[in-house]
Structures are given as C-alpha cells and as structure tokens.
Amino acid sequence: MSNILLSEQEQIRRQSLEELRKAGIDPYPAAEYKTNVFARQILDDFNPEKNNFQDVCLAGRIMSRRIMGNASFAELMDSSGRIQIYLRRDDICPGEDKAMYNIIFKHHLDIGDIIGVQGFVFKTQMGETTVHVKEFTILSKCIRPLPIVKEKDGILFDAVTDPEMRYRQRYVDLIVNPHVRDVFRKRTQIIQSMRELFNSRGYLEVETPILQPIPGGAAARPFKTHHNTLDTPLYLRIANELYLKRLIVGGFEGVYEFAKDFRNEGMDRNHNPEFTVMEIYIAYKDYNWMMNFTEEIIKKAALDLHGKTEIVYGEHTINLNPPFKRISMLDAIKENTGIDISGMSEDEMRKVCDRLNVPHSSEMGKGKLIDSIFGEKCEHHYIQPTFIIDYPTETSPLTKIHRSKAGLTERFELMINGKEIANAYSELNDPMDQMERFQDQLRLSEKGDDEAMFIDLDFVRALEYGMPPTSGMGMGIDRLTMLLTNQPSIQDVLFFPQMKPESQKSKAESQKEEFMDLGVPEEWVEPLKKLGYTTIEKLKEVEKAGKLANDLNGFNKKNKLGLNGLSPEAVEKWLK
RNA sequence: CGGCCCGUAGCUCAGCUGGCAGAGCACGUGACUCUUAAUCAUGGGGUCGAGGGUUCGAUUCCCUCCGGGCCGACCA
C-alpha cells in the first residue's frame, strides 16, 4: 500500500512483477542458470563460415529494446560486454499460445531485468553479431527504473554524470557506465602485478593489526574507538610499518601487506579517510637497492596494464621506463629556486622562506622548513618519475641516519605527476637512536605539534633484540591506480568513497504515528501526505472536512487504492 | 574552515527583467517479423532539494539549512 509514494514507472514495474507471478513465472528463481559463453567471446570469435556458436546460453541484463511487432531486438549486457539478441514471436511461442512473447516479453520485461537466453549466433543484414533467441528465462526482475544510457559507436548519450549518484549508488554507475568497471579491473590487475613480483622473490604476504593500541608508523590524526571487554581505547591504524618491522626482527626476510589505513583528516581529490597502501620490508637491503626495486615494480605494473611504459595522465605524457631521475632534496630546491640552502642556519632559512613566500611558523625547525620549501616550490614540478632522496632527520623519525651526509637520513620519495607515489627508507635499526627520536617526537607533541608520533616502547624493545639492516617502502595504491588509469579523483578509484550520510527524511515531516494519534487510519496517512498534508499542523488548518474527505476519496479512486471510502464525519473527527 | 558554482519528471537538461512547469530519451496504449540513439501515432508522469521572508502572485528575488562539485587553507 506504500506504492502510492512510488513514481509511476516504479508502480508499473511492480504491477509487471505481479503479472509475472500470476502467469506462474517466478521473477526471482532460485535454480542455477547454466551458461556456456560470454558476450565478449561471441563478439571476438564468431565466424559465419565456421558456423560456430550454434548452441549458446548466456545471461545478463537487458540494456535496450527495439520492438517491431512480432520480432524484437534487445541488448544484453553480461560481465564481459554487450551483445545484441533477436527474438521472434513464432520462435519463442511455437504453438498456438503466443503469451510468452506478446504479453511476457513485450509488456512485462523492462530495461534492467536480468534474463538468460538460449539460441544460436548469426549476423544480421546490417552485419551485427546477434544471438537468435529460441528460449528466454527471467532470472531477476528490476523494479526500479534504470537510468537509460544510449550508446552508438562507443559514444554515450545522456550518460549518468551526477557525482552524487555515481558515488552513492556505485552499483548504478557500474551498470550504466561501462568504463567504470574497467578502472576497477585495472586496480585489481595492478595489485596482482605487484603480488606476482613479490611472490616470485619469495616474500611473504602477511596481515597485521588494524586495531592498534598505539597508532604508529606515520604522522597523522587517528580514528579512535573503544574495546568494551578490555575497557581500553584502540585506534584504527594510520600505518602498519612498525608491525611489519617486528616481523623482520622475528626472522622473515621479506614481508609485505596490502593494507587499508585510516586517517582522520580532510578529504579531497587525493585523500579519502580510508585508503590502501602497499608496504614491503626486505632484510639486508638499503634504500639504493629499494630505488631499483621500486622502478621494477612500477615498470612491471605499467607493462602488465598497458603493454608499454608510456602513459597519459591528463595533459601529460609520462614515461615510466627506468632509470628514474634521482636528486637530493637540497639539490631539488636549488634546481627549482636557484638557492643553495645546504649549510644554512635556521634563521637564514627563514629568510629564504620569506623571500620565496613560503609560509612558516616559529615552532618549525630546520627540517620542517626544508620540507615546506620543497612542498611549496618543488614537488609539483616533478611530472616525470623522480626519486627525491636524503630527507632531514627531524621529519624522518623512523629512518636511518645518512651514512655520509650530516643532518640527513637515507630516505626517498618517488614523485610522479607532481605527487608522492612511494616513500622508503633504510630502516632505523639502532634501538637507542630510535628511542631518542621518539623522545624528540614527544617534545614536539608537547610543543603542540598534533601530528608528532606516539612512542611505541614495545617497538623499541623489538629493535633491542636486533633487526637486520632493512629497507622498507610504502606505495599509495589509490594514487598509483589514479595515475595508471588516468583518473582525476581518488573517488574514481574507490568503489565506495566516503560521503556524508544521506538524510532519510526531512525533519519537518510529521511521523505516521502522529497522524494515527489523531484518528487517521494507517492506510490513509500516505494519501494525506501525498496531497500535501505533510505535517499535522497543516492538517489542522483545514476548515472544511467535507472537501478534504472528497479530495481523499477522489485520490483513492484515481490511484485505484481500493480503500474504503471516508465520510465527512470521520474526517471531521481528525481535525478536532 | 573560506571563496565560487549546482540541486527542476526515472536520466540528461531548458525555463529571460517574478505571471498557467517544458524538451529529448525513458514509461503507458496502438501499428510494424533484420532493428541498432529503430520508426510512426497517441497518452500519462512534477512537494521545481527543505524551511522561512518579500510580493496580489516566487521554480525565479532575499535569508537559513541539507546535499553535491570546483578552487584554496589545513592535512599525507
């Protein structure tokens, strides 16, 4: 009875559903439907001279229909693509009873329904490879109208473009925008490509805690939650770095994890509160080795995806063929600003910041100032893949001190298209140095730096048992996927990007129970609301009960609700 | 958090200085046995995001709120 709040098209589809049931057809059958082919295989391999595909069975969603009296064409979309199907009344209904075609197919099937078809493949006069259907089976009825997207030669007409619909109802986006499915297939291919490489080297894929008592391994604000039984706070991980290094201490030589991390910070085209990072740690290696390995990972992913290392992103063509440019952070600053800041004091650096219009504040040390200059003046210039190496110690508390350059660490970030794709170190394995660095972080935190790292004493304890020299690297899978699939926003490479919750009802609308308290029968509440009486206040403003009763009875008749008529006296009682 | 923009039929979008809410596709009915953005005829479908204000009259002007986008700030 809630049907009256549905759109006309939804009501019609629900009626079709009932008609199917009345005709003895289950619109949601339970049985397995055995198919023997996908649309793509037919389109690729059908050859009229070979006369192949003469007994095919496939299943998919009806995406368009062209009915011409006693014959019809439609398009069926399965996971592999779209193929045209052809139905003739006298094939579907060989006997006297033509209902299966005339009634069921023509009137009770809609765009969006999922059906199975069995028949043979042929080419139409227009040369279109088509399945001539001898029998069809309804597999699932679609009772909500699908946005209609027409297609001609790969061009979409009236495509669904509203970002809100695309992200909130990704299932609709995936149905009507075929290229979207491709992006997500490629995302999985990228991960597979990396996993293959790591497994071929004998590295172990592992899982580490998402709920952590101390959110370590990065500088970021965490999501906080609470465990009832332990009565203790827990945090969603901002990184898995410290746990993976514990495993290296434990004796594994190479470990990696594709990890969901969570950061309670802003959202924009490059940031989502939850995101995926691949982190890998390999014993007895240093960051120089890791640069070579990173080149190999990126190159392989590009080749596995595109068969070449040259990719297009927006207006740029980017070449992912190694070797990538390597430049130290200080040289990068010199390259982009013409200023050599090496050996400068903190005060001198502040003057440089002022000259370059780089914002800075009093609690920033030399490291942060360098970081800031690089971020403002250099980072976005590195379109072609570039390793920025040797970062200041202050901003790299988990990284080994540089073997030869004072004040710096053995760290690199890989920049592509002006954005960080990967971050790696020669891992700090000196437990006493690590403890001091944590204490430095604590001092920063006390000064008000809310992104300073927490101290993880158990991690220091692990290092005290001895961690082999190790190099580790983290790579942003979402950003890498954006890059390799030419997508401008992180929302386009996440199936379900974070959105504000949809508000269900406007607060102004009165609840059903409030109307029923006034004596309105339950089944009349929705007709009342549909007529504009959305609140009990509006109902009480009504002066002529007779007219309202008349309106309601008229609505009842017009929409064929089949409700018992209302008397003016009954309506009069609601208004008191 | 700040600036700009958007929200009208299932979808894509028009709607001028305020005056009866529109188109294409989709949907209903009818015709049509090789169509392909099928075609032809015909019909129905709207809380103009929500609430308030100004006005004789608001989809249109003003305010508040909700949702979304872009840019910036902050943040990896």
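Residue numbers begin at 1 in each chain, while the letters A, B, ... track the order of the sequences.
Under 4.0 angstrom from either OP1 or OP2 of U35(B) there lies no side-chain N or O belonging to R66(A). For H132(A) and C34(B), the shortest distance from a side-chain N or O to OP1 or OP2 is not below 4.0 Å. Of the side-chain N and O atoms in K152(A), one or more sit less than 4.0 angstrom from OP1 or OP2 of A37(B). In terms of phosphate contacts, K150(A) brings no side-chain nitrogen or oxygen within less than 4.0 Å of OP1 or OP2 of C25(B).
The residue R263(A) sits close only to the backbone: its heavy atoms come under 4.0 Å of sugar-phosphate atoms, none of a base. Base contact: Y86(A) has a heavy atom under 4.0 Å from a base atom. Base engagement by F122(A) is indicated by at least one non-hydrogen atom pair under 4.0 Å involving a base atom. Residue-level contact check: R168(A) touches the backbone only, with heavy atoms under 4.0 Å from sugar-phosphate atoms and none from bases. Among the heavy atoms of the strands, none lies under 4.0 Å from Q15(A).
C34(B) atom C1' lies 14 Å from atom CD1 of I85(A), rounded to whole Å. Rounded to an integer number of Å, the gap from CE of M68(A) to C1' of U39(B) is 10 Å. Residue Y167(A) contributes atom OH, which lies 18 Å from atom P of G67(B) at whole-angstrom precision. Taking atom CZ of R65(A) as the reference point, atom C1' of C27(B) lies 11 Å away to the nearest angstrom. As rounded to whole Å, 12 Å separates atom C1' of G28(B) from atom CD1 of I67(A). Across the protein-nucleic acid pair, L87(A) atom CG and C32(B) atom P stand 18 Å apart, rounded to whole Å. Following rounding to the nearest Å, D110(A) (CG) and G28(B) (C1') show an atom-to-atom distance of 11 Å. One atom, CG of L6(A), and another, C1' of G28(B), lie 17 Å apart when rounded to the nearest Å.
Proximity note for I12(A) (side chain, C-beta onward) versus U33(B), G28(B), G67(B): the nearest is G28(B). Checked against U36(B), U33(B), G69(B), the side chain of E128(A) finds its nearest nucleotide in U36(B). Nearest nucleotide to the M126(A) side chain, out of U36(B), U33(B), C34(B): U36(B). For I111(A), whose side chain is taken as the heavy atoms from C-beta onward, the closest listed nucleotide among C34(B), A26(B), U33(B) is A26(B). The side chain of T124(A) has U35(B) as its nearest neighbour among U29(B), G69(B), U35(B). Among G67(B), C70(B), U35(B), the nucleotide with an atom closest to any side-chain atom of R269(A) is C70(B).
Scanning for side chain to side chain donor-acceptor pair (under 3.5 Å) contacts around K123(A) gives T129(A), with sequence neighbours left out.
The base of U36(B) is not paired with the side chain of E151(A) by any donor and acceptor separated by under 3.5 Å.
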Exercise for the section: Any chance you could list the contact pattern along nucleotides 7-13 of chain B? Use B for base contacts, S for sugar-phosphate-only contacts and - for none, protein heavy atoms under 4.0 Å, 5' to 3'. Expected result: ---BSSS
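In this structure a side-chain-to-backbone donor-acceptor pair under 3.5 Å is present from T481(A) to I477(A).
Taking atom C1' on both nucleotides, U64(B) is separated from A73(B) by 25 Å, rounded to a whole Å.
The closest side-chain heavy-atom distance from M290(A) to F412(A) is below 4.5 Å.
Taking the six-membered ring where the residue is Trp, F46(A) and F53(A) present tilted rings, their angle falling between 30° and 60°. Between F262(A) and F223(A), the ring planes lie perpendicular to each other; the angle is over 60°, past the 30° to 60° tilted range.
In this structure, R40(A) does not pair ionically with D78(A), as no charged nitrogen and carboxylate oxygen lie closer than 4.0 Å.
A side chain to side chain contact (heavy atoms under 4.5 Å, CB included) with V160(A) is found for one member of V176(A), L146(A), I148(A) and no other, namely V176(A).
In this structure, a donor-acceptor pair under 3.5 Å is absent between the side chains of R411(A) and T399(A).
Remark: R65(A) qualifies as a cation-pi partner of F105(A) under the 6.0 Å distance and 45° angle criteria applied to the six-membered ring.
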